[in-house]
Amino acid sequence: MTIYQTYASHVNAALDTLVADGVLPPDLPRDKVAVEPPRDTTHGDLACNAAMVLAKPAGVKPRDLAEKIAERLRAVDSIDTVDIAGPGFLNLRLDDGVWREELREIAAQGADYGRSDSGKGVSVNIEYVSANPTGPMHMGHCRGAVVGDALANVLQFAGHEVTREYYINDAGGQVDTLARSVHLRYREALGEDVGTIPEGLYPGDYLLATGARLAEELGDRYVRAPESEWLVLFREEAVADMMAMIRADLALLGIHHDVFSSEAALHKGGKAEAAEADLRARDLVYDGVLEQPKGKTIEDWEPVELPLFRSTQFGDDQDRPIKKSNGSWTYFGADLAYHYQKAQGSDALIDIWGADHAGTVKRIKAAVAALTEGKTAFDVKLVQMVKLLRGGEPVKMSKRSGSFVTLAEVVEEVGKDVVRFTMLTRKADAQMEFDFVQVVEASKDNPVFYVQYAHARIQSTLRKALAEMEVSPSDARLDLLGAEENELIRMAAQFPRIVESAASAREPHRIAFYLGDLAAAFHAFWNLGNDRPDKRIIMTQDAETTAARLYLAAQIGQIIRNGLALMGVDAADSM
RNA sequence: GCGCCCUUAGCUCAGUUGGAUAGAGCACGAGACUUCUAAUCUUGAGGCCGCAGGUUCGAAUCCUGCAGGGCGCACCA
C-alpha cells in the first residue's frame, strides 16, 4: 500500500464513524474523495477534499464537516497535525517517521518499487508501429514506436497483462507495388539494365538484397513470366525480408512485439467475411450509395453501391464502405475484422497511430463498439509528427529518391537511450522537434542528460564513500535526516502515484517529466552542500550521517532507474 | 463546407482527469566554484491560461458559441 492509500483508508475510517454517529447519511458516494500531495508543500504532506465533496449531499457546511473529520484523524498516531484551510481542505502533516519508513520500502522493493496491481484483471492489447512492410523504419515511425513501447511497460508495471502487437499491412496495393519493385531488382540482379526506377515503384537501394537473393534462389524463370505467375510469390518474399529488416530496426530501440498479425492471413481465415455477416445480421452493414462529399468536388465521381457500415449511428459523419467496387476489402473493412479478432483476446485495446490518421478514429471506434457491443474499452492514441533539425536547421528528407532519414541512422548517431528519452519529453499529441545537436548536449537544457547526470552523481558518491570512508548506505540512523532530506523523500514517494496516473491516462511522458523534477530536487540538495558543508552527503567526520544520506541517495537512484526502465532507457553509472 | 487536434510567461512546454496564490526550462537581471562531479545550484522580474457566455462551493481543466493555427475529408494505407 502506498502512503496515499494508507491515509485514504484512515479518512474512510473516519467517515465510517461519522456515518455511525449519524453525522453523515449512509451510502454517500465516496469516489470523488481524494488524498493527494498538495501542490504547495507549505500546506503539509497530504491534502484531502472529503469535506468539500461530501458537504453538499450531506446537507452540512464544508468547514463544519471538515472539523468533524479532522477530530477523528487527529487520533491517528502517525498524523502530527490536521489543519482546515480554504473552502474546507484537510491538510495533514505526517510524522517524519512515516517518510523514513517509505525509504525502507523503496529499498525493500528495489526494482519493483512503484509496481502495482491496479490493472489486475484487465488485459490490454496495445498495437503500435505497424509500419507498412515496404521498407526500413524511418523517423516518422519512431515516436509511435517509443510511445507505444513505453506505455506497454507502464501498463505492465501497473499490473495489466499486456500484449504488444504489430499489424502487418501485407494485403493492399502497396505490397503489390513492393513486389513489382523487387521483381525489377531481381531482373537487375540477373544482369539486366533496368535504368532508372519508374515512377510509382519503390526506388530504395534496400530492395537490392532481396532482388539478389531471389535471383540466386529462383534463377531466371520469372524474368519474362507474366505478373500473375510471380506476384504472390514475390510479394511474400519481399514482405518477409522487409519485416526482418523492420524487426532488426525495432531491436535497435529495444522493442520486441509479442504478436505480429498479418492482414493477408486475416483474409485467408475469412475473418472479414465473418465480421461482415455478424454486422449484417444486426443491420449495421447494408448496401448503399454514398453521397459526394460536400465542399469538395471529385472529378470522376460515380455513385456506386457498396456495403456500408453504419458508423453514423456511433457519431461518425458518414457511413463507411467495407468493400471496394471491385469486390476486395477496404482497409477499413479489414481493420474492423482485425480489431474484432484482437477484442477476442483482451479486455481493452489501445492503438497508437500517427496523427495523419486522425480522420479515421471515429469509424474504427464505432466499429469496435458495434462488434463488441461496447464491452471492450478501446483507445486510439494519436502521436504527432517529429520535426528533425540539426543545429536549428531543418533536416531535408526526400521520399521520392528513397533517401529518408532512417531510424537506424538516428540510433547510430545519438544512441538508443537518447532517442527513447527524447521521444517521451512531450505529450504524444503535441508536435515535437528533434534536434540532433541538442539531444546530445551535456547541459541542463537536455533532460536526457540531466536525469542521467543525477543518477551518475549518486552512483559516484556511493563509490567514493565506500572507497574513501568505507561507509555504505544504512538505515540504522535515518533519524539523522533533516527537513531537506525529507523533501526529497516526499518527492520519491510520489513515484507509485505517477506510474498509476501514467497508466490510467495512457501518458508515458509523465514518467519523463517526473524524473526531470526528481533529478532537479536531487541536484538542488547536492548543491546545498556547497553552501552548507553540514548538508553534504559525504561527511568525513560523521559516518552515521553519511550512511543515512547515502541510503537516501541510493533510493533516489533506485527510483531513477525504475523510471528509466519504464521508458526503456538504461541508467548511466558514470559520465 | 464538415470532422478531429491544438491555443498557458518573450520562446519551448508541464499542469497529478474539477482544487488552494497557474508551474518548470531557455532567454533577461543579481549571486555561489582551494567542490561530494559548478556537466550544477540559489535568487529576481515576467500571466486577460485565445475571446465571450454557461455548469458549481471551486474552471487552465467540463459544456456552448466565436476567432486563430495544424491535420484529415469518396473505394488509398
Side-chain angles (χ1 to χ4, degrees), chain A residues 32 34 36-40 43 47 49 51-53 55-56 61-62 85-89 91 130 132 134 169 171-175 263 290-296 298 301-304 306 315-318 320-326 328-335 354-362 382 384-385 425-427 429-433 441-447 449-450 452-454 456-457 460-461 464-465 468 494 497-498 500-502 504-505 507 509-510 513-514 516-517 520 523-531 533 536-540 546 549 553 574-575:
Chain A
K32 300 195 96 173
E36 298 173 322
R39 195 171 285 175
D40 185 341
H43 289 140
N49 62 355
M52 292 178 299
V53 175
K56 194 170 189 189
K61 288 182 180 166
F89 280 102
N91 288 335
S130 300
N132 289 329
T134 55
N169 296 128
Q174 292 196 351
V175 282
E263 185 186 352
L290 286 178
E291 284 176 28
Q292 182 161 191
K294 295 185 173 96
K296 193 183 177 186
I298 296 150
W301 171 268
E302 278 175 38
V304 191
L306 294 168
D316 203 355
D317 37 52
Q318 197 178 38
R320 305 292 175 175
I322 60 170
K323 276 186 183 174
K324 306 179 203 171
S325 51
N326 68 9
S328 65
W329 295 95
T330 62
Y331 182 84
F332 173 63
D335 209 25
D356 51 336
H357 290 78
T360 62
V361 171
K362 262 193 182 169
L382 295 178
Q384 277 287 356
M385 297 291 134
T425 54
R426 287 287 119 90
K427 230 178 351 195
D429 57 12
Q431 287 192 344
M432 180 167 82
E433 291 181 352
E441 228 166 62
S443 79
K444 63 194 258 189
D445 314 355
N446 181 1
F449 169 80
Y450 189 76
Q452 292 282 24
Y453 181 45
R457 225 177 200 182
S460 108
T461 307
K464 184 179 170 112
E468 294 180 7
Q494 287 197 42
R497 284 175 46 85
I498 301 292
E500 218 161 294
S501 78
S504 63
E507 292 188 347
H509 76 277
R510 293 187 188 197
F513 279 94
Y514 167 76
D517 290 345
H523 286 310
F525 178 66
W526 175 279
N527 272 78
L528 189 62
N530 285 338
D531 295 335
R536 294 185 177 194
I537 294 172
I538 295 180
M539 309 266 291
T540 42
T546 300
R549 288 184 182 155
S574 63
M575 303 187 79

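Each chain gets a letter, A, B and so on, in the order its sequence line appears, and its residues count up from 1. Atom set for the values below is all heavy atoms of this structure, side chains included, hydrogens, waters and symmetry mates excluded.
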Handout entry: Position toward the 5' end of RNA chain B (nearest nucleotide), Leu382(A) or Ser504(A)
Key =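 Final value for this comparison: Leu382(A).
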
Exercise for the section: Specify the residue among Gly172(A) and Ala85(A) whose closest nucleotide of RNA chain B lies further upstream toward the 5′ end. Expected result: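 Taking each residue's closest nucleotide, the earlier one in sequence belongs to Ala85(A).
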
Problem - Heavy-atom side-chain proximity of Gln494(A) to Tyr514(A) below 4.5 angstrom - result: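 Touching, per the 4.5 Å side-chain cut-off.
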
Return the nearest nucleotide to the side chain of [X]; candidates are [options].
X: Leu306(A); options: C57(B), C75(B), A39(B); result: C75(B)
X: Arg457(A); options: U16(B), U37(B), A77(B); result: U37(B)
X: Phe449(A); options: U40(B), C75(B), G19(B); result: U40(B)
X: Ser501(A); options: U42(B), A20(B), U16(B); result: U16(B)
X: Asn91(A); options: A77(B), A20(B), U56(B); result: A20(B)
X: Tyr331(A); options: U17(B), A77(B), C41(B); result: A77(B)
X: Ser574(A); options: A20(B), U37(B), C75(B); result: U37(B)
X: Glu507(A); options: G15(B), C41(B), U40(B); result: G15(B)

Check whether any side-chain nitrogen or oxygen of [X] sits under 4.0 Å from OP1 or OP2 of [N], and answer yes or no.
X: Ser325(A); N: C75(B); answer: no
X: Lys427(A); N: U17(B); answer: no
X: Arg426(A); N: C13(B); answer: yes
X: Lys362(A); N: C4(B); answer: yes
X: Lys464(A); N: U37(B); answer: yes
X: Tyr450(A); N: C26(B); answer: no

Looking at [Y], is its backbone amide N or carbonyl O close enough to the side chain of [X] to form a donor-acceptor pair, meaning the two atoms are under 3.5 Å apart?
X: Asn169(A); Y: Tyr331(A); answer: no
X: Asn49(A); Y: Ala34(A); answer: yes
X: Thr546(A); Y: Met539(A); answer: yes

Opposite nucleotide pairing with [N], Watson-Crick or G-U, both atom distances under 3.5 Å:
N: C2(B); result: G72(B)
N: U34(B); result: none
N: U43(B); result: G29(B)
N: C13(B); result: G23(B)
N: G50(B); result: C66(B)
N: A60(B); result: none

Please confirm whether any donor atom in the side chain of [X] sits under 3.5 Å from an acceptor in the base of [N], or the reverse.
X: Asp517(A); N: A24(B); value: no
X: Asn527(A); N: U40(B); value: yes
X: Arg497(A); N: U16(B); value: yes

Describe the nucleic acid contact of [X] in one word from base, sugar-phosphate, nothing, applying a heavy-atom distance below 4.0 Å.
X: Met539(A); value: nothing
X: Val175(A); value: nothing
X: Pro321(A); value: sugar-phosphate
X: Arg320(A); value: nothing
X: Asn132(A); value: sugar-phosphate
X: His357(A); value: base
X: Val361(A); value: nothing
X: Gly173(A); value: sugar-phosphate

Exercise for the section: With C1' as the reference atom in both, quote the distance from G3(B) to G44(B) in angstrom, rounded to an integer. Expected result: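 To the nearest whole Å, 47 Å.
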
Handout entry: Inter-nucleotide C1' distance (C28(B), A45(B)), Å rounded
Key =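 Looking at atom C1' only, C28(B) and A45(B) are 9 Å apart.
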
Practice task
Answer yes or no as to whether A14(B) has its base stacked against Phe513(A), where stacking requires a ring-centre separation under 5.5 angstrom and planes under 30 degrees apart.
Solution key: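 Per 5.5 Å and 30° rule: no stacking.
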
Practice task
Report the residues that fulfil side-chain contact (heavy atoms from CB on, under 4.5 Å) with Ser328(A), sequence neighbours left out, ordered by chain and then residue number.
Solution key: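 Partners of Ser328(A) by the side-chain contact (heavy atoms from CB on, under 4.5 Å) criterion, ordered by chain and then number, come out as Lys324(A), Asn326(A).
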
Handout entry: Anti versus syn assignment for U17(B), with syn defined as within 90° of 0
Key =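 U17(B): syn glycosidic orientation.
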
